[in-house]
Amino acid sequence: MHRAAFAFLLLAAGAAARSAPLTSAEVDRMMVAEWHRARVVPAGSADDTRFLRRAYLDIVGIIPTADAVRAFLADRAPDKRARAVDALLAMPRYADHWTDYWDDVLMGRQMRAAVVDRASFREWLHGELARAVPWDRFVTDLLTATGRNSPGGAYARAAGFDAPADAARPEGIRVNGAVNWMLKYAQTPADLSGAASRIFLGVQIQCAQCHDHKTEKWTQQDFRRFTACFAEVRPVPVDRGKVRGVRRIDVRDARRPLLARRARPGAEYLTAEPAALDGTDFSASPNRRKALAAWVTAPGNPWFARAYVNRMWAHFLGRGFADPADDFRESNPPAMAAVLDRIARDFAEGGYDAKRLIRLICGTRAYQLSSGPARAGDPENHLWSRYRLKPMRPEALVDSLVQATNLRPVLERVAGANLDRLHFLLRRQFEFLFDVDEETDRPSYEGTIPQALLLLNGNLTNRATTAIPGTALAEVLAMDGGDAARVEELYLRTLSRPPTPSESRRWTDWLAGFPSDAMPGTASGRAPTERARGRPPARARGAAQDPLARVGTRLTARHSGPHARACADLFWALLNSSEFAFNH
């Protein structure tokens with residue numbers, strides 16, 4: 001019997017003895033004990049503004065508004081941080097943000113297949129997350145999904161610009177966006193089993209596809225038996241001939257799938273006896289996928305809850321207990337294993353409630369530490385003695401830029417009915433350059449020249465820092481209270497904090513050197529000699545074209561004098577600062 005199978009039985013036997021619900025304070029006590037043993041003195045606590053910004057980015061994928069920061073600073077209640085987390089979890093943007101996250105994890109950034117309806121898959125994801133479906137139910141729904149991949153229709157819908165409705169088809173087959181994950185691996189069933197094991201169990205078995213693993217216990221037979229659990233999936237084409245957009249496919253389970261008599265990818269797994277990673281045999285099961293899903297999500301499974309907790313810990317604190325976040329193995333033991341096991345047990349006993357787990361993590365001392373250096377020990381920050389700096393996810397960077405600059409009204413006026421398409425193209429442009437794996441521990445983060453150029457000279461930043469009516473800069477320039485109030489407003493909108501006294505003095509003194517009388521300027525509100533324009537760099541193969549290349553050519557800045565341009569340059573500098581681009 002595998003060692004994991006024995007552990008499975010022990011956990012299952014103890015599942016009935018439930019513990020009291022875990023609290024953040026209890027996690028803190030366990031971590032303090034670990035720090036004490038390692039002679040680590042952690043950093044101090046983060047201030048309110050940094051905590052709020054961090055929670056916004058991690059939970060809903062966008063920075064807070066200036067008004068939200070002011071309200072949080074004015075709140076003197078001792079539980080205001082916990083209440084802020086609860087408010088974020090209740091926002092509609094929660095489902096939007098985690099749809100982006102899981103779409104990236106499950107489908108990847110660059111994925112093209114004629115039978116995969118990405119919009120339908122995202123709609124399914126969003127529905128599961130909006131309904132707060134427990135994680136075990138979510139995984140079961142995905143692993144056992146049957147139905148039609150897409151309602152078909154126009155190419156724009158298939159490309160993701162108009163999400164399809166999940167309605168019953170005239171043929172009696174229901175559109176189920178979840179099947180698109182299976183169809184992604186229609187030609188590579190071995191990749192499906194590898195992805196399922198890695199994402200849902202944190203176990204990387206793909207190295208055993210061709211040979212027994214050289215350093216771990218997994219054998220090629222283990223891999224074949226696990227892959228055989230998916231061998232009865234049968235994709236049945238609906239559309240014949242040429243199809244514009246996504247080709248409709250019905251996904252079913254069949255005891256004699258199409259692979260049985262054809263030399264197609266995955267045929268070698270048909271003769272293997274289906275089994276779980278601990279050796280549990282599913283040969284007699286009437287439905288292999290359902291049997292596998294029940295095993296994966298069982299309370300006694302030694303990997304399932306730990307894998308999800310580890311992934312979420314990595315998302316919120318920058319590094320998982322095991323790193324990479326999806327690689328549990330004997331040669332890669334987790335840090336603070338007892339803490340991981342206790343949180344995982346609570347997650348399972350609490351009904352695999354993702355929001356409950358987020359509340360727990362965000363309430364811990366580790367999550368609320370400053371990103372400054374630890375006072376002693378832990379130089380590599382493997383024990384979370386300080387908050388780990390994280391670059392914003394690409395979609396969060398785009399959404400935060402648009403929010404900080406209040407560019408959305410301008411985009412609505414220019415794009416009209418094509419606003420969703422424009423937003424999609426903006427995100428794709430940033431995803432191409434800013435696709436950073438935030439869950440793998442790195443000693444440092446180094447931006448690239450194309451990333452810097454996109455922020456410094458890209459049309460999104462330059463259009464957004466123009467005093468076009470309705471934008472943030474136009475509102476700031478129209479404020480009462482003088483330059484000190486303007487500087488504070490720009491800091492709150494971008495860095496989610498007021499300026500320090502020295503920053504306020506520096507910038508107000510600098511702005512005082514520019515006369516406020518209006519004088520002719522360019523349509524963008526800047527003299528052509530300001531900021532190196534130059535020709536944009538040659539576009540790399542596969543890069544998205546600039547979707548804002550023509551936006552703003554018909555719009556004129558309301559303020560174009562030297563003082564207005566100086567305020568615009570300050571705004572531009574704040575948006576291009578590392579403090580804006582990082583979650584800290």
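Listed by chain and number, the residues in a side-chain hydrogen bond (donor to acceptor under 3.5 Å, both in side chains) with Thr364 amount to none (sequence neighbours excluded). Under the side-chain hydrogen bond (donor to acceptor under 3.5 Å, both in side chains) criterion, Arg356 pairs with Asp346, sequence neighbours left out. With sequence neighbours left out, Ala293 forms a side chain to side chain contact (heavy atoms under 4.5 Å, CB included) with Thr140, Leu143, Thr144. In this structure Arg342 satisfies the salt bridge (Lys or Arg N to Asp or Glu O under 4.0 Å) test together with Glu26, sequence neighbours excluded. Residues that satisfy the salt bridge (Lys or Arg N to Asp or Glu O under 4.0 Å) test with Arg29, not counting sequence neighbours, are absent from this structure. Residues passing the ring pair (Phe, Tyr, Trp, His ring centres under 6.0 Å) test with Phe328, sequence neighbours excluded: none. Looking at residues two or more places apart in sequence or on another chain, you find a side-chain hydrogen bond (donor to acceptor under 3.5 Å, both in side chains) between Asp281 and Arg225, Ser283. Every ring pair (Phe, Tyr, Trp, His ring centres under 6.0 Å) that Tyr308 has, sequence neighbours left out, goes to Trp135, Phe347. Here Phe72 pairs with nothing under the ring pair (Phe, Tyr, Trp, His ring centres under 6.0 Å) rule; sequence neighbours left out. Listed by chain and number, the residues in a side chain to side chain contact (heavy atoms under 4.5 Å, CB included) with Arg365 are Asp28, Val32, Trp35, Pro42, Leu369 (sequence neighbours excluded). Asp341 is linked by a side chain to side chain contact (heavy atoms under 4.5 Å, CB included) to Arg306, counting only residues two or more places apart in sequence or in another chain. Considering only residues two or more places apart in sequence or on other chains, Cys229 meets the side chain to side chain contact (heavy atoms under 4.5 Å, CB included) condition with Pro274, Phe282, Leu292.
Nearest heavy atoms, Ser193 versus Phe230: CA-CE1, 4.0 Å.
Salt-bridge annotation for Arg359 and Asp86: present, with a side-chain N of the basic residue lying under 4.0 Å from a carboxylate O of the acidic one.
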